[in-house]
Amino acid sequence: MRDIFKIGKYKFKSRLIVGTGKYKNFNETAKAVKASGADIVTVAVRRVNIMNRKEPLLMDYINPKKIKYLPNTAGCFNSEDALRVLRLARDSGGWNLVKLEVLGDKETLYPNMEETLKCTEVLVREKFDVMVYCSDDPIACRQLEELGAVAVMPLGSLIGSGHGIQNKNNIKLIKKRSNVPVIVDAGIGCASDASIAMELGCDGVLVNTAIAKAKEPVLMAEAMKLSVQAGRKSYLSGIMQKSDLANNSTTHQRKIK
Amino acid sequence: MYIVLNGKKFEVKKKDTITQLLKKIDIKSSKVAVEVNKIVIPKEKYRFFKFNNKDRVEIVTFIGGG
């Protein structure tokens, strides 16, 4: 069955997007990304280390020609900083697909939706294809879509917390009311969390810490790949109705008496 | 004259271009983006862009991130 993952004008096979932060080294990052089967990886923009040019670069380990780099605005707490980072990112990679996140505070890393909305508007005007990290608020998601975001990325729970999807009803509601892909970003702690996101009908899942901070990141990356595939197939298969009482699986006909 | 490169003073010659700077610090233009005084300089202009004294220059690349 062909099940293409479309984000704006871009098409992907894998519905798992993988973050590249927090790994022991780039070698481990590259191995985990490979095992995850991801077509997209998120990356951050930082100053080149001028003093030590021997320091390895991410691009030496993950080829941006083979795997799409999705530049993010991690660490930006206002619209101005986020715009600056993404304008640089576009020039560095030459692509328009970016992940916007404007954070509200350091402790929760919860999105500042007022700044996020403001920034989305400018980025869309500048012809960026913007995927937006946001609160699991159906109204905020609708506003982002109306402004021209190519995907909305509500949090399942706080970034790096591993608490999974705290408000399944909201995620389901957001998916039901969205015409752009809904990708659960943040909070995934283990493979079953990713399956749940997909079974709720989400179009994709973004995972970083759950893979990078597992004892065996490469094994977890593979588990995430399989769980996203399983969750997607489960959703597409049309999940059965729940019942409060038992329904026997074996017929009572011709039972021995 | 000098520029402020990634937050630190860096000596350059008067007519140095971005291309020459990147060569000096040994980094390929394909792996970075360059901003001068908060304005992104497109790669095709690296050969022509000459620094002014005290320009604030940022050279960035992609690192791991979520």
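Small disclaimer: the values here were computed from a predicted structure and weren't measured. Order of the sequence lines fixes the chain letters, A, B, ..., with proteins taken first and strands second; residue numbering starts at 1 for each chain.
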Inset, instruction - Look at the rings of Y10(A) and F12(A) and say which category their plane angle falls in: under 30° parallel, 30 to 60° tilted, over 60° perpendicular. - result: parallel
Inset, instruction - Sequence neighbours left out, what passes ring-ring contact (aromatic ring centres under 6.0 Å, His included) with Y23(A)? Give chain and number order. - result: none
Inset, instruction - Please look at Y133(A) and chain B and tell me whether the side chain, the backbone, both or neither of the residue comes under 4.5 angstrom of a heavy atom of that chain. - result: neither
Legend entry - Geometric class of the W95(A)/F62(B) ring pair [parallel <30°, tilted 30-60°, perpendicular >60°]: parallel
Legend entry - Which atoms of I39(B) approach chain A - backbone, side chain, both or neither, heavy atom under 4.5 Å: neither
Inset, instruction - Would you mind telling me which of S30(B), G7(B), G66(B) has the largest number of heavy-atom pairs within less than 4.5 Å of chain A? - result: G66(B)
Inset, instruction - Check each atom of K22(A) against the heavy atoms of chain B and say whether the ones under 4.5 Å are side chain, backbone, both or neither. - result: neither
Inset, instruction - Using the test side chain to side chain contact (heavy atoms under 4.5 Å, CB included), find all partners of V124(A) that sit at least two apart in sequence or belong to another chain. - result: T120(A), V130(A)
Inset, instruction - Check the pair E115(A), K118(A) against salt bridge (Lys or Arg N to Asp or Glu O under 4.0 Å), reporting the backbone distance first and the verdict last. - result: CA-CA 5 Å; E115(A) 287 289 304; K118(A) 209 161 77 182; 2.9 Å; yes
Inset, instruction - Heavy-atom distances under 4.5 Å only: say whether S29(B) touches chain A with side chain, backbone, both or neither. - result: neither
Legend entry - Heavy-atom pairs under 4.5 Å with chain B, option from I50(A), V48(A), D185(A) with the top count: V48(A)
Inset, instruction - For each of D26(B), V40(B), I41(B), tally heavy-atom pairs with chain A at distances under 4.5 Å, and name the one with the top tally. - result: V40(B)
Legend entry - Contact origin within E55(A) toward chain B - heavy atom pairs under 4.5 Å: neither
Inset, instruction - Test F10(B) against every option in V57(B), D55(B), I25(B) by the side chain to side chain contact (heavy atoms under 4.5 Å, CB included) rule and name the one that passes. - result: I25(B)
